[in-house]
Amino acid sequence: MEQLNDFFGKLFAYLQEHPQYGLLVAIFLVILYLVGLIFDWKWTLLPSGSSDFTHMWIDLFGKNTVRFIKGALAVLLLLILVYFYFHYK
């Protein structure tokens, strides 16, 4: 367990020194989430805790509408991350 903590400690220290790589990781994760929404992977709509109202939104608006809204938000986040990546100095 200590080796794992050391690895992630070094990784986070490296990403703090080189934030452009952290942005690339974030871009990759958002793209993965967006692909999951497009292909209707189940984990994309699973509630992440007691404060997530995904099931309530699905009951109110339907699964496809919630997927569309989450996809639109993911695209917006992706555009922001790409902007930060190319304008980071």
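Counting begins at 1 with the first residue of the sequence. When reading the values below, keep in mind they use all heavy atoms of this one structure, side chains included, and skip hydrogens, waters and symmetry mates. All values reported here derive from a predicted model rather than from experimental measurement.
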Distance-only check: which donor-acceptor pairs under 3.5 Å involve side-chain atoms of residues 1-16, not counting sequence neighbours?
none

Test ring pair (Phe, Tyr, Trp, His ring centres under 6.0 Å) applied to Y83 - qualifying residues, sequence neighbours left out
H87

Determine whether a donor-acceptor pair (N or O, by modelled atom type, separation under 3.5 Å) exists between the side chain of Y33 and the backbone of T44.
yes

Between Y85 and L24, the two heavy atoms sitting closest are CE1-CG, 3.6 Å

Does anything in residues 17-27 form a salt bridge (charged side-chain N to carboxylate O under 4.0 Å, His left out)? List the pairs, not counting sequence neighbours.
none

May I have the step-by-step check of side chain to side chain contact (heavy atoms under 4.5 Å, CB included) for H55 and L45, ending in yes or no?
CA-CA 8 Å; H55 285 293; L45 292 180; over 6 Å; no

For residues 67-80, please give each side-chain donor-acceptor pair under 3.5 Å, one per line with the distance, not counting sequence neighbours.
{"from": "R67", "atom 1": "NE", "to": "L37", "atom 2": "O", "distance (Å)": "3.0"}
{"from": "R67", "atom 1": "NH1", "to": "N64", "atom 2": "OD1", "distance (Å)": "3.1"}
{"from": "R67", "atom 1": "NH2", "to": "L37", "atom 2": "O", "distance (Å)": "2.8"}
{"from": "R67", "atom 1": "NH2", "to": "I38", "atom 2": "O", "distance (Å)": "3.2"}
{"from": "K70", "atom 1": "NZ", "to": "T54", "atom 2": "OG1", "distance (Å)": "3.4"}

With clusters defined by side-chain heavy atoms of hydrophobic residues (ILVMFWY) lying less than 4.5 Å apart, directly or transitively, does L81 cluster with L32?
yes

Is it true that I58 and M56 fall in one hydrophobic cluster, defined by side-chain heavy atoms closer than 4.5 Å?
yes

Hits for side-chain contact (heavy atoms from CB on, under 4.5 Å) against V35, two or more places apart or cross-chain, chain-then-number order -> I31, F39, W41

List in chain and number order the residues that pass ring pair (Phe, Tyr, Trp, His ring centres under 6.0 Å) with F61, two or more places apart in sequence or in another chain; answer none if no residue qualifies.
W57

For residues Y21 and V30: do they belong to one hydrophobic cluster (side chain heavy atoms under 4.5 Å, members Ile, Leu, Val, Met, Phe, Trp, Tyr)?
yes

